[in-house]
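Notes for the one structure printed next.
Naming convention: chains lettered A, B, ... in sequence-line order (proteins, then strands); numbering from 1 in each chain.
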Protein chains: 2
Amino acid sequence: MKTGKAPVTINDIARLAKVSKSTVSRVLNNADTVSELAHARVKSAIRALNYRPSATARNLARRRSNTIALVVQDIRNPYYAFASWFVENELRAHGFQLAVFNADNTASLEREILETVASMRVEGLLSVGGNRDATALVSFHSHSDLPIVLIDREVKGYDIPTINLDNAQGGARATDYLISQGHRSVLFATSDFTDAELHRREGFFQSLHAHGIPRQQGIVFTQEEDKWSRGDCRGLLPFFISPRRPTAVFASSDFKAMHVIRFLHERGLKVADDVSVFGFDDTPIASVIVPSLSTMRQPQQAMIKAAIGLLLCLIGGGDSSGAQRRFLPELVIRESTRPLCGPSGID
Amino acid sequence: MKTGKAPVTINDIARLAKVSKSTVSRVLNNADTVSELAHARVKSAIRALNYRPSATARNLARRRSNTIALVVQDIRNPYYAFASWFVENELRAHGFQLAVFNADNTASLEREILETVASMRVEGLLSVGGNRDATALVSFHSHSDLPIVLIDREVKGYDIPTINLDNAQGGARATDYLISQGHRSVLFATSDFTDAELHRREGFFQSLHAHGIPRQQGIVFTQEEDKWSRGDCRGLLPFFISPRRPTAVFASSDFKAMHVIRFLHERGLKVADDVSVFGFDDTPIASVIVPSLSTMRQPQQAMIKAAIGLLLCLIGGGDSSGAQRRFLPELVIRESTRPLCGPSGID
DNA sequence: CTGAAAGCGCTTACAG
DNA sequence: CTGAAAGCGCTTACAG
């Protein structure tokens with residue numbers, strides 16, 4: 001029953017059903033002003049020709065696409081993969097379609113995506129995560145009416161509605177916890193890629209300070225995101241050949257924590273027993289790996305729901321200039337951290 | 001510089017640049033038959049009004065969308081997330097856009113997606129993975145001209161171009177390896193959700209048989225995919241309270257292997273030392289976790305490239321009825337498996 | 001309840 | 001090199 005090259009159109013249906021295309025359109029859109037007879041004939045014509053209305057034509061005529069764009073920074077990252085899954089489900093419940101775009105942590109790609117999104121005439125844009133260069137986004141936002149809501153991204157000096165985690169507090173509370181377990185020599189492992197990480201680091205130092213620990217004992221190890229992705233942690237070596245090695249590592253994400261764990265393993269150090277490891281995000285896998293990972297949980301679903309609520313409100317014409325919501329992370333203690341008992345832990 | 005409610009159109013540009021919309025269209029499409037003057041005026045009008053042509057209108061007029069649909073079974077699964085990343089990059093190189101759809105392992109959702117895809121007038125469809133109910137896909141394929149290529153899915157009795165892994169061989173070679181390490185009591189942990197898993201299990205039994213191991217010593221533990229997702233492995237308990245517990249577990253995916261590892265950990269059993277664990281897929285995380293996971297590597301990128309090549313060929317009008325390619329998995333030995341030394345391993 | 005007509009924002013022959 | 005016209009496949013007032 002292959003239909004040949006040219007797709008069947010509303011005119012084909014009208015002809016076969018012996019009605020006007022207006023009437024076909026009416027049954028397509030469930031109008032109640034169609035006679036039973038016409039309705040039946042149209043329906044059967046549709047079935048006979050295996051007709052599906054063109055979304056393209058419909059969108060053009062209706063001047064709306066009924067779709068919302070989501071741009072994530074890296075779909076390979078489970079955190080974003082899950083976000084896209086959740087956003088799609090939430091939007092479906094509201095009758096919207098989702099178009100996902102992957103920015104690959106690259107500003108130039110993000111720029112392209114914004115162009116595409118604009119030409120698609122989507123009705124709203126959700127962006128989750130992001131690197132620090134937001135110029136494309138800012139310029140796009142200031143030149144367009146498209147409702148935009150950002151998650152996990154701060155754009156200073158511009159009024160874009162934003163849903164964020166209190167990353168500084170997260171960093172501080174994680175560090176507080178490690179210190180409360182007796183750790184005095186804590187290494188913060190990160191990249192300086194996102195504002196979120198910068199704030200987590202800030203919180204790290206705040207906590208040290210609050211506990212009267214000199215800044216030098218709060219060691220920071222930074223390397224490019226790319227090296228983390230490849231699992232290249234050689235840069236950590238110097239910190240662990242010294243006799244006064246850190247007794248705890250606080251990584252700026254679960255993903256990095258897992259790489260730190262592998263590094264320690266290869267150096268013959270045991271997680272928890274020798275070195276406590278703490279993550280950030282509470283990725284699904286954090287509770288599965290052995291030992292399971294202590295981490296700061298990000299209330300991702302709540303944040304996404306809030307963002308979608310905001311976006312839908314904006315689309316509905318609502319005003320939310322200056323809308324900023326900040327969520328609090330939650331301490332999750334698992335197996336990868338342990339109290340430091342006695343001085344034997346350091347040396 | 002907000003533009004007000006109605007988006008600017010090609011007519012606005014034509015008016016401002018004092019040319020016809022034909023000419024605007026020409027510069028939009030980089031036609032070389034435009035005078036310098038006209039070109040410059042159009043360009044500056046476009047910039048002045050921040051104009052972006054409507055992809056919807058363009059697609060309708062051109063009768064092509066330039067986009068390809070990818071349907072994955074569960075975007076939360078890193079395997080699929082990576083696939084979508086890779087497909088997008090490959091397609092970009094060929095000038096196509098990608099629209100990703102998530103079937104959530106649900107036949108009814110897959111059906112809906114197929115409807116959407118059809119109405120979008122995409123130019124091709126790639127499907128990766130899939131549960132065993134392919135009726136929607138088969139019926140769709142037989143009623144439409146849309147080029148379709150399947151990856152990791154077998155549809156028997158219908159001629160849909162397919163790229164598959166030789167899962168039976170993968171299952172057999174993995175089991176061969178475990179047996180070669182002295183394991184005689186191997187547990188195969190799986191769900192019976194996909195054909196791939198069924199074939200892996202088949203290979204498992206083939207290998208046992210080839211090594212003269214009675215079927216009863218090849219234990220199979222099956223539970224629904226859903227329980228695996230939730231990490232509920234209580235069903236494994238009976239196998240491990242018996243004194244003659246398995247010395248090796250072969251899981252039908254890396255993901256399941258990780259849950260098995262957690263289960264063993266909670267029972268006080270050490271991976272590799274007490275029980276060898278073997279996965280399937282070689283997910284990125286397999287080499288990061290501690291101990292790193294022995295597994296069968298699936299040449300995912302090569303398979304995707306082959307699938308895209310096939311799809312592009314079909315789109316170009318090529319004929320590939322009966323196109324079936326089968327790739328071979330590769331044995332990857334890491335830390336989670338160990339030779340069984342001496343009878344002490346069994347009891 | 002139904003159809004003819006205009007329009008959505010583009011592209012594409014066709015003349016000139 | 002350029003413009004007027006027709007057309008892509010729908011929807012939406014407007015008459016009747």
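- Panel note: side chain B:Asn164, backbone B:Arg153; a donor-acceptor pair is recorded below 3.5 Å.
- Separating the CD1 atom of A:Ile10 from the P atom of C:dC8 is a distance of 18 Å, rounded to the nearest angstrom.
- With hydrogens and angles ignored, the 3.5 Å screen pairs a side-chain donor or acceptor of A:Ser119 with a backbone N or O of A:Thr116.
- Proximity note for A:Pro53 (side chain, C-beta onward) versus D:dT11, C:dC10, D:dC10: the nearest is D:dC10.
- As judged by a 4.0 angstrom heavy-atom cut-off over every strand, B:Asn29 is placed among residues touching the sugar-phosphate backbone only.
- Of the residues in residues 33-43 of chain A, those placing a heavy atom less than 4.0 Å from an atom of DNA chain C are A:Thr33, A:Val34, A:Ser35, A:Ala38, in numerical order.
- Remark: the backbone N or O of B:Arg121 is paired with a side-chain donor or acceptor of B:Ser65 at under 3.5 angstrom.
- If you take CZ of A:Arg62 and P of C:dG9, they are 16 Å apart, rounded to a whole angstrom.
- When distances are taken from the side chain of B:Val19 to each of D:dG3, D:dC10, D:dC8, the shortest belongs to D:dG3.
- Not a single donor-acceptor pair under 3.5 Å links the side chain of B:Glu123 to the backbone N or O of B:Arg64.
- When rounded to the nearest whole Å, the span between NZ of B:Lys21 and P of C:dC8 equals 9 Å.
- Atom-to-atom, CG of A:Asn66 to P of D:dC10 comes out at 17 Å; the value is rounded to the nearest Å.
- Using a 4.0 Å cut-off, no side-chain N or O of B:Ser54 falls inside it from OP1 or OP2 of C:dC10.
- A donor-acceptor pair under 3.5 Å links the side-chain atoms of A:Thr106 to the main chain of A:Asp104, judged by distance alone.
- Remark: side-chain polar atoms of A:Asp12 are paired, donor with acceptor, to backbone N or O of A:Thr9 under 3.5 angstrom.
- The local environment of CZ in A:Arg325 is sparse, with at most 12 non-hydrogen atoms from other residues, nucleotides or ligands closer than 6.0 Å.
- For B:Tyr51, counting side-chain heavy atoms from C-beta on, the closest listed nucleotide (C:dC10, D:dC10, D:dG3) is C:dC10.
- Side chain of A:Arg63 to backbone of A:Leu60: no donor-acceptor contact under 3.5 angstrom is found.
- Of the candidates C:dC10, D:dT12, D:dG9, D:dT12 carries the atom nearest the A:Ser25 side chain, counting heavy atoms from C-beta on.
- A side-chain contact (heavy atoms from CB on, under 4.5 Å) with A:Val155 holds for exactly one of A:Val138, A:Thr135, A:Asp195; it is A:Val138.
- Using a 30° and 60° split on the angle between ring planes, A:Trp85 and A:Phe82 fall in the tilted class, from 30° to 60°.
- Between the CG atom of A:Asp12 and the C1' atom of D:dC10 there is a distance of 13 Å, rounded to whole Å.
- Checking side-chain atoms of B:Ser144 against main-chain N and O of B:His141 turns up no donor-acceptor pair under 3.5 Å.
- In summary, the side chains of A:Asn66 and A:Arg58 do not present any donor paired with an acceptor at a separation below 3.5 Å, with no hydrogens or angles considered.
- Taking atom CZ of residue A:Arg58 and atom C1' of nucleotide C:dG9, one finds them 17 Å apart after rounding to whole Å.
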Return the polar atom pairs (N/O with N/O) between nucleotides 14-16 of chain C and the protein under 3.5 Å, or none.
none

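- A:Asp32 comes within contact range of the sugar-phosphate backbone alone, with a heavy-atom separation under 4.0 Å but no base atom that close.
- The side chain of A:Ser20 approaches C:dA4 more closely than any other nucleotide in the set D:dC10, C:dA4, C:dC10.
- Per the geometry, CZ belonging to B:Arg15 stands 11 Å off P belonging to C:dG9, to the nearest Å.
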Self-check item: Paired and unpaired positions of DNA chain D as dot-bracket, Watson-Crick or G-U wobble under 3.5 Å, | denoting a partner strand
Solution: |||.||||||||.|||
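- Using a 4.5 Å heavy-atom threshold, the side chains of A:Tyr158 and A:Leu137 count as separate.
- A:Arg121 comes within contact range of the sugar-phosphate backbone alone, with a heavy-atom separation under 4.0 Å but no base atom that close.
- D:dC10 atom C1' lies 9 Å from atom CG of A:Asn11, rounded to whole Å.
- Mapping A:Ser22 and B:Leu60 onto DNA chain C by nearest heavy atom places A:Ser22 closer to the 5' end of the strand.
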